[in-house]
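In what follows, a structure is listed as structure tokens, so that the remarks can point back to it.
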Amino acid sequence: MTLPETQAAPRGVSLLCLDLDGTLADSIPAMRLAYDGFLARFGKIGSDAEFRELNGPSLREIVALLQQRYRLPPDADMLLRDYTAEIASAYERAVRPMHGAEHTLRALHDSGLHLALVTANVRTIVTGFIKGQSWDRFFDFLVCGEDASRCKPAPDLYLAALDRAGVAADCAAAVEDSPHGVSAAVAAGMLP
């Protein structure tokens with residue numbers, strides 16, 4: 001967990017936006033399994049550098065990039081369904097909460113902060129995981145990859161969260177684990 005339970009939000013912050021993958025959920029190994037599994041369907045092998053590059057963008061953006069780089073079949077909707085299925089399977093098999101995540105969420109929620117989950121991941125997968133952990137009670141709302149036309153490192157997901165909460169950027173902070181996520185929060189005017 002990247003946010004210690006004893007850490008208080010900076011003064012004046014009323015909204016705390018938390019990333020999911022790599023921050024609250026130990027999902028990066030599972031996401032790598034999904035990436036490798038998706039490419040293997042087409043006899044392709046990815047790289048560590050490419051996988052790191054894909055931490056942040058929406059699944060639709062990832063599929064489009066992989067489709068172009070690896071000359072995958074032209075049916076983008078089919079590719080998106082296939083990759084989503086790989087992620088859903090990996091989540092069910094391998095994703096667990098980060099150590100201390102629930103305790104930290106409870107402490108933050110009890111402090112009176114408004115909490116939003118802001119992730120480029122797919123809503124159905126996110127909702128299933130959050131409900132499975134009984135964490136839905138901690139979050140005021142979720143912003144997922146489908147809620148913006150561009151995902152991290154673009155600020156769109158965080159701007160959507162600010163709009164939904166009715167909060168100015170200088171009254172919000174983000175907890176992120178990736179350079180793309182930090183860039184997105186900073187571009188939205190938030191405290192990373």
Side-chain angles (χ1 to χ4, degrees), residues 1-2 17-99 101 116-133 135-136 139 142-161 174-185 187:
M1 182 70 203
T2 57
C17 297
L18 296 120
D19 178 48
L20 178 63
D21 294 305
T23 305
L24 293 172
D26 187 9
S27 58
I28 300 303
M31 298 300 270
R32 179 61 191 250
L33 287 174
Y35 163 76
D36 289 339
F38 175 76
L39 288 177
R41 289 178 182 222
F42 304 99
K44 308 295 181 184
I45 299 172
S47 69
D48 292 342
E50 182 175 71
F51 178 72
R52 282 191 302 274
E53 175 191 351
L54 301 177
N55 185 353
S58 72
L59 194 51
R60 186 169 295 281
E61 291 169 318
I62 290 168
V63 166
L65 184 120
L66 294 176
Q67 182 181 30
Q68 178 186 5
R69 281 187 185 164
Y70 293 97
R71 300 176 191 239
L72 301 181
D75 187 346
D77 290 335
M78 185 255 327
L79 294 173
L80 185 60
R81 283 191 305 274
D82 287 351
Y83 207 131
T84 301
E86 290 282 347
I87 292 173
S89 175
Y91 249 77
E92 286 178 20
R93 290 178 292 144
V95 177
R96 302 290 176 260
M98 289 291 214
H99 177 73
L117 186 70
V118 179
T119 177
N121 206 331
V122 179
R123 182 172 301 281
T124 55
I125 294 169
V126 171
T127 303
F129 181 78
I130 295 299
K131 287 186 177 184
Q133 303 305 314
W135 289 355
D136 48 330
F139 292 103
L142 310 177
V143 176
C144 299
E146 302 93 330
D147 296 328
S149 58
R150 299 177 303 160
C151 287
K152 303 168 187 178
D156 301 25
L157 289 173
Y158 283 113
L159 293 173
V175 177
E176 278 284 353
D177 72 311
S178 74
H180 283 311
V182 171
S183 295

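What you see is a predicted model; the values in this text were computed from it and never measured. When reading the values below, keep in mind they use all heavy atoms of this one structure, side chains included, and skip hydrogens, waters and symmetry mates.
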CG of Asp19 to NE2 of His180: how many Å apart, nearest 0.5 Å? 12.0 Å
In Å, rounded to the nearest 0.5 Å, how long is the span from CG of Asn121 to CG of Leu142? 11.0 Å
Side-chain ([X]) to main-chain ([Y]) donor-acceptor, under 3.5 angstrom:
X      : Y      : answer
Ser47  : Glu50  : yes
Glu176 : Ala185 : no
Arg93  : Ser89  : yes

Can you name the closest pair of heavy atoms from [X] and [Y] and give their distance?
X     : Y     : answer
Leu39 : Ile45 : CD1-C, 4.2 Å
Ala90 : Ala30 : CB-O, 3.3 Å
Ala25 : Tyr91 : CB-OH, 4.4 Å

Would you sort out whether Met98 and Asp26 count as a side chain to side chain contact (heavy atoms under 4.5 Å, CB included), showing the intermediate values? CA-CA 5 Å; Met98 289 291 214; Asp26 187 9; 3.7 Å; yes
Derivation of the side chain to side chain contact (heavy atoms under 4.5 Å, CB included) call for Asp147 and Arg123: CA-CA 9 Å; Asp147 296 328; Arg123 182 172 301 281; 2.3 Å; yes
For the pair Asp36 and Arg32, find out whether any cationic side-chain nitrogen is under 4.0 Å from an anionic carboxylate oxygen. yes
What I'd like to find out is whether the side chain of [X] reaches to under 4.5 Å of the side chain of [Y], using heavy atoms alone.
X      : Y     : result
Lys44  : Phe38 : no
Phe129 : Ser27 : no
Leu66  : Leu54 : yes

Tell me which pairs pass ring-ring contact (aromatic ring centres under 6.0 Å, His included) where either residue lies in residues 48-69, with sequence neighbours left out. Tyr35-Phe51
For a side-chain contact (heavy atoms from CB on, under 4.5 Å) with Leu117, tell me which candidate from Thr23, Val126, Thr127 qualifies. Val126
Show your working on side chain to side chain contact (heavy atoms under 4.5 Å, CB included) between Leu72 and Val63 and close with a plain yes or no. CA-CA 9 Å; Leu72 301 181; Val63 166; over 6 Å; no
Arg60/Asp77 under side chain to side chain contact (heavy atoms under 4.5 Å, CB included): CA gap, chis, key distance, verdict: CA-CA 9 Å; Arg60 186 169 295 281; Asp77 290 335; 3.9 Å; yes
